[in-house]
Amino acid sequence: MRCLLKVMYGTLLLWVMLAASGLTAVYAASNPPEQITDWRIRWDARDGGAVHPPADDSLWLEMRGDNATTKLPKPHSGAWVSVKLPEMKWSSPALYIETLYALKVKVYVEDRLVYENSRNYIKDHYSLLVPLGVNDAGKNLYIWTGTLQERAGIKEAPVIGEHSEMVDRYIKNGLVDVILGCSFIFVALVLFVCSFFLNRDYFSAAASLSVVIASTGLLAITYSPFVYSFYGYLGPASIVLFDLGLLSLLPALTFLFEKIFGGGKYGLIRHFRRFQVAYSAFCVLCMAINGLSGNRYVELYYFVSTRVIGYIMIFQFVLLIGCVLIYSLKGNKDAIIFAVGFGTAALTGVIELIWYFARSSNYDLFYWKWALVVFILSLIVILGRRLALNHRQVVQYSQELEMFNNELQRSEKMEIISELAASVAHEVRNPLQVTRGFLQLLEQKTDGDERKYLTMALSELDRASGIITDFLTFAKPEFEQVTVLNVHNEFTHIESILLPLCHLNGGKMVLDVAEGLWVKGNSSKFKQAFINIIKNSIEALNGEGMIQVLAYAKGDKAIIRIRDNGEGMEPEVLGRLGEPYFSNKTKGTGLGLMVTFRIIEAMSGEIQFYSKKGAGTESVIQLPLTAV
């Protein structure tokens with residue numbers, strides 16, 4: 001029972017909370033935030049330690065959201081901003097100012113101090129949220145801003161509304177920059193780790209790209225007002241990290257450009273990169289001296305690390321844009337991609353820097369982060385293209401190496417077999433001829449079954465003699481008599497030899513050989529090579545079928561195609577054609593195609609086979625043409 005009561009109590013409490021939040025949402029939706037477009041500003045030269053809102057109404061300047069000024073006139077070091085609070089239509093009102101320039105801030109409602117903050121580091125970009133009461137309607141809200149910079153006061157018009165909605169705006173201001181910067185740093189870390197698996201040529205480019213990406217992410221995080229609004233105690237460290245990010249980004253970017261496109265004419269890019277490295281080291285030294293001295297030299301360090309760096313950045317962007325345009329006009333694809341990405345970032349950066357100096361530092365750089373996103377993407381694309389090209393080259397080299405290795409193995413096999421065939425064939429041929437002579441004499445003197453057996457023995461001896469002839473042809477494919485052959489006449493003779501065999505197997509032979517094709521070779525060897533190929537096609541028909549023989553000229557080559565619609569071959573069989581003693585026939589020795597390959601090779605030609613199981617086979621032979 002007690003458990004049931006607890007469940008009912010929890011359900012009731014949850015319902016009340018949901019109803020309250022729903023009512024709050026409805027209330028907030030019915031009372032949207034209101035922008036205050038008019039306020040007053042008054043310059044102040046006093047220290048902010050004991051200030052109070054001015055009692056008189058003199059020296060105030062009327063401001064509007066569309067013509068507000070934050071430029072601080074000399075010798076003033078601060079400013080008062082007076083805002084007339086409107087009618088409070090919200091249950092829990094709050095005032096939100098997205099951008100406020102100050103190092104010291106005090107906020108009063110009439111004479112009541114409601115907010116105070118002070119920074120001991122040079123970051124004058126505030127995001128301010130001030131809770132108000134319903135009874136503060138119609139009262140004057142005073143904001144005092146003290147600074148060492150050249151600007152002070154409100155940049156954008158203040159917004160007043162429901163506290164929950166203003167908190168949401170307050171939190172989101174600069175949060176996107178932090179998320180973007182963290183993403184950059186994560187990508188840079190992954191890229192840097194992966195760069196160790198690349199070869200030495202690409203390691204430096206990948207490592208410098210990771211430094212560029214990480215520096216950009218660090219700049220995005222430390223430039224964001226989010227860090228200084230919610231983690232003010234990290235302000236001094238953030239300032240140092242911002243400077244380190246900028247001082248590492250510039251030389252790393254130039255080094256990456258140098259690795260992709262070279263040192264430039266007269267080594268200009270290389271010399272500029274060395275200057276940047278030296279100047280960045282000088283700035284780091286000034287940073288250390290200023291930090292150890294308690295910010296005694298802060299103005300000098302600000303001039304060295306901000307003013308001078310700004311002009312160096314402008315020169316760097318102009319230099320790199322000029323170089324990349326020259327490379328792009330020469331048709332370099334990487335330069336074109338680099339031009340799109342870097343051109344977007346550099347043009348945006350130059351415009352913002354010029355506007356920053358034109359407004360006497362009264363401008364917050366904003367678009368550079370998103371322009372750098374485009375630039376970094378272009379760098380990743382360039383590096384990816386380089387790696388893909390390198391991979392393709394490695395694959396191509398591997399394929400060529402495998403082909404050369406296979407060719408070398410084949411040549412070694414052929415050489416060994418040639419030597420073996422030449423030595424064995426000569427030794428075996430003579431006893432075979434003697435044996436055949438005696439068997440032939442015995443055949444003439446015998447009758448009946450004994451004569452039949454002797455005839456079979458003579459037939460097998462003739463077959464063995466043909467194999468030995470093939471051995472000798474394979475072992476020594478050089479031609480005893482080389483003449484200029486008319487391809488048309490040679491194939492006409494081959495057709496007359498093989499046509500009866502083709503008809504016997506139920507096939508047809510179609511000859512389409514162009515006139516005027518002349519090649520160098522031995523007539524008998526030429527016929528032997530193509531008889532072997534066409535005979536294989538005839539045996540592959542297995543009944544009715546057609547064999548087409550086409551010959552034509554293409555450039556300085558005679559192209560001969562022998563095509564059949566027989567049973568075809570599997571890829572593994574096709575890949576082994578021409579290997580020593582390989583045959584897919586029951587009684588085949590594998591010597592026929594071996595001899596054919598050697599004859600075509602001796603004629604400085606090439607032969608290739610294309611086949612598909614059940615669809616037939618095509619052999620393509622290329623022989624060099626010769627003049628008559």
Side-chain angles (χ1 to χ4, degrees), residues 470 484-579 582-586 588 590-626:
D470 287 341
V484 178
L485 306 177
N486 187 315
V487 176
H488 183 273
N489 294 341
E490 296 295 328
F491 273 103
T492 302
H493 192 195
I494 292 171
E495 182 186 23
S496 64
I497 295 173
L498 293 177
L499 200 57
L501 180 62
C502 185
H503 290 163
L504 187 64
N505 283 269
K508 294 194 325 182
M509 185 183 299
V510 177
L511 200 65
D512 185 9
V513 180
E515 296 281 356
L517 298 179
W518 300 87
V519 296
K520 280 186 178 181
N522 181 273
S523 179
S524 62
K525 301 294 185 184
F526 184 91
K527 292 184 180 69
Q528 182 181 0
F530 286 97
I531 286 173
N532 287 339
I533 297 174
I534 297 174
K535 187 170 175 289
N536 288 338
S537 295
I538 292 172
E539 293 172 352
L541 292 179
N542 290 329
E544 293 185 0
M546 179 179 291
I547 299 172
Q548 294 177 305
V549 180
L550 296 92
Y552 55 90
K554 185 177 181 182
D556 60 345
K557 301 285 186 181
I559 309 298
I560 302 170
R561 295 178 177 269
I562 301 172
R563 184 184 308 152
D564 66 70
N565 56 357
E567 59 185 11
M569 293 176 285
E570 294 88 352
E572 55 270 16
V573 175
L574 186 65
R576 296 189 62 187
L577 291 180
E579 286 187 9
F582 172 76
S583 175
N584 58 350
K585 300 177 186 178
T586 306
L591 291 174
L593 275 183
M594 284 175 57
V595 170
T596 300
F597 272 85
R598 292 301 297 270
I599 292 173
I600 299 298
E601 180 181 336
M603 295 177 68
S604 302
E606 296 179 4
I607 181 170
Q608 290 179 315
F609 286 89
Y610 305 93
S611 183
K612 186 177 181 182
K613 189 65 177 177
T617 303
E618 181 182 18
S619 56
V620 180
I621 300 95
Q622 298 183 36
L623 296 172
L625 290 170
T626 185

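Quick caveat, the model's predicted, so the values are computed rather than measured.
- Rounding to the nearest 0.5 angstrom, the gap separating the CD1 atom in Ile538 from the CD1 atom in Ile533 is 12.0 Å.
- Between Ile607 and Phe597 there is a side-chain heavy-atom pair separated by less than 4.5 Å.
- Side-chain contact between Leu623 and Ile560 is present, with at least one heavy-atom pair separated by less than 4.5 Å.
- Judged by distance alone, with hydrogens and angles left aside, the side-chain atoms of Ser611 form a donor-acceptor pair with the main-chain N or O of Met569 at under 3.5 Å.
- In terms of modelled atom types and a separation under 3.5 Å, the side chain of Asn489 and the main chain of Leu485 share no donor-acceptor contact.
- Between the OH atom in Tyr552 and the CD1 atom in Ile559 there is a gap of 5.5 Å [rounded to 0.5 Å].
- The shortest non-hydrogen separation linking Gly507 to Leu541 is CA-CD1, 3.9 Å.
- Here the closest non-hydrogen pair linking Glu606 and Ile600 is N-CG2, 3.8 Å.
- Contact detail for Ala558 and Val519: the closest heavy-atom pair is CB-CG1, 4.2 Å.
- The shortest side-chain heavy-atom distance between Leu511 and Phe491 falls under the 4.5 Å cut-off.
- The side-chain heavy atoms of Val513 and Leu550, taken from C-beta on, include no pair separated by under 4.5 Å.
- To the nearest 0.5 Å, the span separating CD1 on Ile562 from CZ on Phe609 amounts to 8.0 Å.
- Distance check: Gln548 CD to Ser537 OG gives 11.0 Å after rounding to the nearest 0.5 Å.
- The shortest heavy-atom contact between Met509 and Cys502 is N-SG, 4.0 Å.
- With hydrogens and angles left out, the side-chain atoms of Tyr610 and Arg563 include no donor and acceptor closer than 3.5 Å.
- With a 4.5 Å cut-off on side-chain heavy atoms, Val510 and Val549 do not count as touching.
- For the residue pair Val487 and Ala551, the shortest heavy atom distance occurs at CG1-CB, 4.4 Å.
- In terms of modelled atom types and a separation under 3.5 Å, the side chain of Asp564 and the main chain of Ile547 share no donor-acceptor contact.
- Each salt bridge (charged side-chain N to carboxylate O under 4.0 Å, His left out) pair with one or both residues in residues 546-557, not counting sequence neighbours, would appear here, but there are none.
- Under the salt bridge (charged side-chain N to carboxylate O under 4.0 Å, His left out) criterion, Lys613 pairs with Glu570, sequence neighbours left out.
- Taken from NE2 in His493 to NE2 in His488, the straight-line distance is 14.0 Å, to the nearest 0.5 Å.
- Ser619 is listed as a side-chain neighbour of Ile621, based on a closest heavy-atom distance under 4.5 Å.
- A 4.5 Å side-chain heavy-atom check between Trp518 and Asn486 finds at least one atom pair inside the cut-off.
- To the nearest 0.5 Å, atom CG of residue Leu498 and atom NE2 of residue His503 are 11.0 Å apart.
- Taking every heavy atom of both residues into account, Thr617 and Gly568 meet most closely at OG1-CA, 3.7 Å.
- Every pair passing salt bridge (charged side-chain N to carboxylate O under 4.0 Å, His left out) that includes a residue from residues 489-516 is listed here, sequence neighbours excluded: Glu490-Lys527.
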